[in-house]
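What follows is a single structure, written as structure tokens, with notes after it.
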Amino acid sequence: MNIDVKKILNEKPIYSGKAKSIYKIDEDKVLIEFRDDITAGDGAKKDIKKGKGYLNALISSKLFEVLNKDNIPTHYIEYIDPVYMVAKNVEIVLIEVIVRNIAAGSLCRKYPFKEGQELKRPIVQFDYKSDEYGDPMLNEDIAIALDLATEEELKRLKELALKVNESLKKFFDERGIILVDFKIEFGRTKDGELVVADEISPDTMRLWDKETKDILDKDIFRKDLGDVVGKYEIVAKRIGCI
Ligand code: 5GP
């Protein structure tokens with residue numbers, strides 16, 4: 001695809017989030033720029049980590065390619081070196097879909113799970129995507145009452161999230177990495193189809209080394225455990241991006 005990135009970046013982004021900016025290419029496509037900004041705790045902790053945008057663009061693109069190969073619909077079209085992704089222009093569903101294989105993070109803070117405990121079956125959780133309200137957990141009735149999605153769409157979100165989990169869990173496992181949990185977002189295409197959207201990167205997943213259980217994701221930054229970009233580089237190498 002012939003895309004004049006320089007020209008597109010001259011225009012104002014249609015959306016700028018905590019770590020990505022979105023530019024319109026045309027009615028059907030957007031250009032996503034992965035920036036070096038890193039935040040935690042809904043933006044309470046902020047920094048800039050050189051090279052993070054590059055690694056997340058690479059890793060995200062690779063993971064969307066894995067999903068597309070497994071016939072899971074996504075917004076992904078192509079990667080553009082160094083920090084860009086071309087994606088379908090979709091309407092983002094304001095539900096963060098979280099899938100957990102192993103107990104960690106907020107699950108252990110809120111419920112009596114032990115960190116590292118394997119879950120009998122994956123947990124799928126819906127959070128309201130809202131900085132203003134601090135991403136509270138949803139149930140089906142609240143999501144429908146807020147008009148975030150229909151009952152059929154909620155079913156489809158769960159079904160797709162579990163498929164994403166199976167696909168990525170296997171992919172990482174074969175590369176010596178445990179997929180602990182992750183958050184994905186969905187978009188509605190013009191035809192009303194739900195597709196996996198946004199990003200899938202160590203910013204949005206927990207990844208542990210299978211042998212050593214070393215943390216290879218944003219928890220390094222959240223918990224001040226050292227060189228976060230170095231860990232993302234390990235992930236990128238293991239999955240064959242660099
Ligand atoms: P937890 O609920 O334990 O904080 O997060 C569960 C998983 O979803 C983790 O992999 C975490 O990175 C991801 N996650 C949940 N909410 C968000 C969010 O608002 N932003 C990002 N980047 N990841 C999130």
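Along the sequence shown, the residues carry numbers beginning at 1. Just follow the structure's listing: the first ligand is 1, and inside any ligand the first atom is 1. Because the structure is a prediction, the values reported are computed rather than measured.
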Within reach of ligand 1, part of Q125 (heavy-atom separation under 4.0 Å)
neither
Within the 4.0 Å heavy-atom cut-off, what R206 brings close to ligand 1 is both
Taking atom types as modelled and ignoring hydrogens, do the side chains of [X] and [Y] form a donor-acceptor contact shorter than 3.5 angstrom?
X	Y	result
R222	T39	no
S16	S21	yes
N56	D203	yes
S130	E132	no

Can you tell me the protein heavy atom closest to [atom] and the distance?
atom	result
atom 19 (O) of ligand 1	D135 OD2, 3.2 Å
atom 16 (N) of ligand 1	E96 OE1, 3.6 Å
atom 13 (C) of ligand 1	K183 CB, 3.4 Å
atom 9 (C) of ligand 1	D181 OD1, 3.2 Å
atom 22 (N) of ligand 1	D203 O, 3.0 Å
atom 2 (O) of ligand 1	S106 OG, 2.5 Å

When you measure from the centre of the six-membered ring of F221, is the NZ or CZ of K45 closer than 6.0 Å and no more than 45° off the axis?
yes
With the threshold set at 4.0 Å, does a side-chain nitrogen-carboxylate oxygen contact exist between K210 and D173?
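Yes, charged N to carboxylate O under 4.0 Å.
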Y133/D135 under side-chain hydrogen bond (donor to acceptor under 3.5 Å, both in side chains): CA gap, chis, key distance, verdict
CA-CA 6 Å; Y133 288 91; D135 295 355; over 6 Å; no
Which atoms of ligand 1 sit under 4.0 Å from any heavy atom of [X]?
X	answer
I98	6 (C), 15 (C)
T204	10 (O), 12 (O), 13 (C), 22 (N), 23 (N)
G105	3 (O)

Give yes or no for whether the N/O distance cutoff of 3.5 Å, strictly under, is met between R222 and ligand 1.
yes
I'd like to check Y76 versus V86 (side-chain heavy atoms, cut-off strictly below 4.5 Å). Are they in contact?
no
Carefully, step by step, assess F186 and H75 under the rule ring-ring contact (aromatic ring centres under 6.0 Å, His included).
CA-CA 9 Å; F186 287 87; H75 73 157; over 10 Å; no
If we only consider heavy atoms of K129, is any one of them less than 4.0 Å away from an atom in ligand 1?
no
